[in-house]
Amino acid sequence: MSVFSSDSFDNHEQVMFCSDPASGLKAIIAIHSTALGPSVGGVRMWNYESEEEAIRDVLRLSRGMSYKNALANLNLGGGKAVIIGDSSKDKTPELMRAYGRFIDSLGGRYITAEDMGMTTADMAQVASQTKFVAGLEEGAAASGDPSPFTSHGVLIGIDAAVRHQMGRDNLNGIRVAIQGVGHVGYALAQELVHRGAEIIVADVVKDNVARAVAELGATAVSTAEILFQDVDVLAPCAMGAIVNDQTLPLLKCRIIAGSANNQLARTDHGQALRARGILYAPDYVINAGGMISVANEVHGVLVPHDEAMKMVEKIGHVLRRIFADADAQGLPTEAIADQTAEALIAAGKAEKSGRAQSAAA
Ligand code: NAD
């Protein structure tokens, strides 16, 4: 089992392995970068098949958070944590409190929040042991559920992509296929219908589909068909790696813009989408809305809901710049996003080491 020689290792600043036999906690915390501020990212509880898989996941996800937080201009670095176990069976208040003590021991270099397998109630247990936690329901700057902010950001991103790719200044009559109508996908569907778009949906949970059909007039298709609809926009809001060698030749959309993380199975799929004339809104840019809301809480600022929604709309500017730069340089959109994030992080690092040197002088 290796960390430094892992393919996913990207000069992470710190990786901490946490064990608490009394509660059964086995966790890994990865701080990718604090160049732009304290590292922030969610904790995921997952029944990993191996420790290698957990290490890979935490290394990859923490780097992703550095990039997301840099491009959203949040003055925050990137980190992530994984707890090894089945959240439906192994998660207890004691385990979450033990996790909270490890977070506290990092003294604020990593601030944790919800990810898969976690609830606001779990974060309350963490908060009983440390102040370095966000995504809470209660507290001076509590920001609550990030999903409505994420879905609003995706709507703004779809609008920017439609303007760029189709030269349209509204979403009236635009056809959008949404894969997954859960927290983000359903709220996105609501906003799209409100803006006059036509929606096609699929979900593995039948009740979620029935709700979208009954309440929003959505057209339902099977989960096997949703990615291949003849639509203007495909909005993946369920799982990652939906653009892969098998799906690519069958895609009929003009734009891919949704909330799911890690939508491209491999980086070169970005180039393949560009070659096919499909505009891709890089996932970690378009799905940053929830993080923008959480960042206010991290910075201790209570921002009214409507104002936080307005802050999320800056995602539209960031995407417009990425689309324009990608066209100008003939590069895939996510390559432009990565380059921009890397430049911001490198500048933050240089500034930090400059400050450290002048303090030592
Ligand atoms: P969720 O669990 O509430 O919703 C996901 C939905 O997708 C569920 O209804 C699920 O049944 C459905 N689904 C799963 N597999 C499917 C399949 N093969 N085909 C069709 N539907 C399927 O999760 P969410 O909070 O809405 O997040 C959706 C995606 O966005 C996830 O990838 C998540 O990591 C990402 N994301 C979410 C947020 C947020 O604020 N919630 C922020 C950033 C990224």
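Hydrogens, waters and symmetry mates play no part in the numbers below; they use all other heavy atoms, side chains included. Ligands are counted one by one from 1 in listed order, and the atoms in each one are counted from 1 as well.
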> Are Arg56 and Glu52 close enough, and set up right, to give a salt bridge (charged side-chain N to carboxylate O under 4.0 Å, His left out), and what steps lead you there?
Replying inline: CA-CA 6 Å; Arg56 244 196 328 273; Glu52 284 79 1; over 6 Å; no
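With hydrogens left out, the protein atom closest to atom 8 (C) of ligand 1 is Asp203 OD2, 3.5 Å, a heavy atom. When hydrogens are left out, the protein atom nearest atom 37 (C) of ligand 1 is Val184 CG2, 4.0 Å; that is the closest non-hydrogen contact. For atom 33 (C) of ligand 1, the nearest protein heavy atom (residue, atom name, distance) is Asn261 ND2, 4.1 Å. Ranking protein heavy atoms by distance to atom 4 (O) of ligand 1, first place goes to Gly182 CA, 3.4 Å. Ser259 O, 3.3 Å is the protein heavy atom nearest to atom 44 (C) of ligand 1. Of the protein's non-hydrogen atoms, the one nearest atom 5 (C) of ligand 1 is Cys237 O, 3.7 Å. At the top of the distance list for atom 43 (C) of ligand 1, counting protein heavy atoms only, stands Asn287 O, 3.7 Å. When hydrogens are left out, the protein atom nearest atom 14 (C) of ligand 1 is Val204 CG2, 3.8 Å; that is the closest non-hydrogen contact.
No more than 12 heavy atoms of other residues, nucleotides or ligands shown are found within 6.0 angstrom of NZ on Lys310.
The closest approach between a heavy atom of Ala260 and any atom of ligand 1 is below 4.0 Å.
Here the CD atom belonging to Gln14 is positioned 9.0 Å from the OG1 atom belonging to Thr34, to the nearest 0.5 angstrom.
Here the side chain of Tyr67 pairs no donor or acceptor atom with the backbone of Gly78 at under 3.5 angstrom. Glu297 contributes a side-chain N or O that, together with a main-chain N or O of Gly135, makes up a donor-acceptor pair within less than 3.5 Å.
For the pair Val294/Phe149, no side-chain contact is recorded, criterion being any heavy-atom separation below 4.5 Å from C-beta on. With contacts defined as side-chain heavy-atom distances shorter than 4.5 Å, the pair Ile255/His164 does not qualify. Ile226 is listed as a side-chain neighbour of Ile200, based on a closest heavy-atom distance under 4.5 Å. With contacts defined as side-chain heavy-atom distances shorter than 4.5 Å, the pair Phe132/Thr112 does not qualify. Using a 4.5 Å heavy-atom threshold, the side chains of Met239 and Gln179 count as touching.
Where the criterion is an N or O separation shorter than 3.5 Å, residue side chain and backbone included, Ala238 meets it with respect to ligand 1.
The cluster map of Ile, Leu, Val, Met, Phe, Trp and Tyr, joined by side-chain heavy atoms under 4.5 Å apart, puts Tyr110 and Ile28 in different clusters.
For atom 2 (O) of ligand 1, no protein heavy-atom neighbour is present inside the 4.0 Å cut-off. Distances from atom 23 (O) of ligand 1 to the protein include no heavy-atom value under 4.0 Å.
Comparing heavy-atom distances from atom 15 (N) of ligand 1 across Arg44, His183, Met239 singles out Met239 as nearest.
Heavy-atom proximity to Thr223, at under 4.0 Å, picks out these atoms of ligand 1: 19 (N), 20 (C). Heavy-atom contacts of Ala202 reach the following atoms of ligand 1: 20 (C), 21 (N) (cutoff under 4.0 Å). Residue contact check: Asn208 has heavy atoms under 4.0 Å from atoms 9 (O) of ligand 1. Every atom of ligand 1 is numbered from 1 in the order shown, and the set under 4.0 Å from a heavy atom of Val205 is 11 (O).
Contacts of Thr150 with ligand 1, taken as heavy-atom pairs under 4.0 Å, involve the side chain alone.
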